[in-house]
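Below: one structure, written as structure tokens.
Note on naming: letters A, B, ... go to the chains in the order of the sequence lines (proteins, then strands), and numbering restarts at 1 for each one.
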Protein chains: 2
Amino acid sequence: MVELQDVTDGRRLRGARTRQAILKHAARLASAEGLESVSLQRLASDLGISKSGLFAHFGSKEELQLATVEAAAQIFTREVLVPGLKPPRGVGRIQALCDAFLSYVDRDVFPGGCFFQAAGAEFDSKPGAVRDAILERKRYWEDSLVRAVREAREAGKVQRGVDPEQLGWELHCLLAGANDRHLQTPEPKALERARRAIRERLEQAAAS
Amino acid sequence: MVELQDVTDGRRLRGARTRQAILKHAARLASAEGLESVSLQRLASDLGISKSGLFAHFGSKEELQLATVEAAAQIFTREVLVPGLKPPRGVGRIQALCDAFLSYVDRDVFPGGCFFQAAGAEFDSKPGAVRDAILERKRYWEDSLVRAVREAREAGKVQRGVDPEQLGWELHCLLAGANDRHLQTPEPKALERARRAIRERLEQAAAS
DNA sequence: CCTACCGATCGGTAGG
DNA sequence: CCTACCGATCGGTAGG
């Protein structure tokens, strides 16, 4: 009984590890070459398994794409949201969210820049479950910036006259632009421009 | 002789018209589905010609892509740069460039939003002639904004303390963000947020 | 009855 | 511009 259970658990554990390895590679590839371009054959040969091995994990290409979006969201949460939400509510948290995103871009967590920026642009005109999943995650990130501004304003750390939705969206634009520029001309100055713009926006918005 | 020449000219004219029709359709398709996804077969059947008919106009897929980028650039020039550069140098021209871009997004000149936004995101991690052509055009547009700010500053219409490269880049980020948001949630408010941000930035920068 | 794969091949389509 | 093809690769499935 115990032996049999061990074998079963071992198989499940191995399966889960393989699945994570597949999805991490798929997400990295997709950021650079496009989610649609990550073919099952390409993915299989990169990982040294067979194409039918992939089909044991994901029943179809769309399910693989949805699982890839999910895996990318976990990476984004770990690399951006967790460090960005560490400081207490206030201007410091808004700044930390922006810094965490810029660091995530600077460290090339995904070789093709922010996964959701790339996948969002690829799928924004392709209706379906994959587009919906990507946009839901993108919206959560944008909302996190808006929420951080709103909470800072409620705590009296940001001026009453500031519209959280407006400032949150502007910060998001600058961060997206920094990702864009980083991919076009990968020089330190690319991110510096965004840091400067964000600093100025936050200084203006901060309660005196 | 005359007859022969007429036939030749007629053929050339017809050829040029077909070429323009192909490229216009290719650019519109590419903005929504991706430049790489516009297959020769798809394009041929959409236009009611044969795949080899396309090869008579363009020797390879890459040449078709380069010609598509060129055609999209002509559309962008006509729809954004020409109206945007109409006002004399000064804050009015900066505003006109931004308004022209937002109108181009709002009118859905390309069904998938700004062609260069979409194609840039698709190719920014794919080295080659197509990426170079796309980024060259994107850079020209960004430089147009920077130039408009610099000229306004030189004319004393913008404060001395303003960095043209910085403000030009920030305006570009807001416009790109407006295009992004327009594709995600096509409501009038999407562009309104950008208009408000741009108005505030320009009021701040204007010489008093 | 489960899982994690294999080699081979299905009908179609890619660029050329 | 056409028909007629090529080597390869696409997403997906067969039996073992």
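- For the pair A/Lys189 and A/Glu192, the salt-bridge criterion is not met [side-chain N within less than 4.0 Å of a carboxylate O].
- Between D/dG15 and C/dC5, the distance separating the two C1' atoms is 14 Å to the nearest Å.
- Between A/Lys157 and A/Glu151 no salt bridge is recorded (no basic side-chain N to carboxylate O distance below 4.0 Å).
- A/Asp132 pairs by the side-chain hydrogen bond (donor to acceptor under 3.5 Å, both in side chains) definition with nothing, not counting sequence neighbours.
- Taking atom CZ of A/Phe55 as the reference point, atom P of C/dC6 lies 14 Å away to the nearest angstrom.
- The side-chain hydrogen bond (donor to acceptor under 3.5 Å, both in side chains) test applied to A/Ser39 returns no partner, not counting sequence neighbours.
- Within the structure, side-chain hydrogen bond (donor to acceptor under 3.5 Å, both in side chains) contacts touching residues 74-85 of chain A (residues at least two apart or in different chains) are A/Glu79-A/Arg107.
- Spacing of P atoms, D/dA4 relative to C/dG16, comes out at 22 Å, to the nearest Å.
- Taken to the nearest 0.5 Å, the OH atom of B/Tyr140 stands 11.5 Å off from the CG atom of B/Leu145.
- Separation of the P atoms belonging to C/dG12 and D/dA8 is 22 Å when rounded to the nearest angstrom.
- In the model, A/His25 has a side-chain atom that pairs as donor or acceptor with a side-chain atom of A/Asp46 under 3.5 Å.
- The CZ atom of A/Phe58 sits 16 Å away from the P atom of D/dT13 (whole-angstrom rounding).
- Between A/Phe110 and A/Phe115, the angle of the ring planes lies from 30° to 60°, which puts this pair in the tilted group.
- Paired runs in DNA chain D never reach 3 or more consecutive Watson-Crick or G-U pairs with both distances under 3.5 Å.
- Under the 3.5 Å distance criterion, with hydrogens and angles disregarded, no donor-acceptor pair is assigned to the side chains of A/Glu200 and A/Gln204.
- Atom NZ of A/Lys61 and atom P of D/dT13 are 14 Å apart (whole Å).
- Across the protein-nucleic acid pair, A/His57 atom NE2 and D/dG12 atom C1' stand 16 Å apart, rounded to whole Å.
- Non-hydrogen atoms lying under 4.0 Å from DNA chain D are contributed by A/Ser39, A/Leu40, A/Gln41, all within residues 25-43 of chain A.
- Under the 3.5 Å distance criterion, the side-chain polar atoms of B/Ser31 are matched with a main-chain donor or acceptor of B/Gly112.
- The minimum heavy-atom distance linking B/Val69 with B/Phe116 is given by the pair O-CZ, 3.8 Å.
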Taking only N/O atoms, report every protein-nucleotides 2-4 of chain D pair under 3.5 Å with atom names and distance.
unit_1 : atom_1 : unit_2  : atom_2 : d
D/dC2  : OP1    : B/Ser50 : N      : 3.4
D/dC2  : OP2    : B/Ser50 : N      : 2.4
D/dC2  : OP2    : B/Ser50 : OG     : 2.1
D/dC2  : O5'    : B/Ser50 : OG     : 3.4
D/dT3  : O4     : B/Ser52 : OG     : 2.4

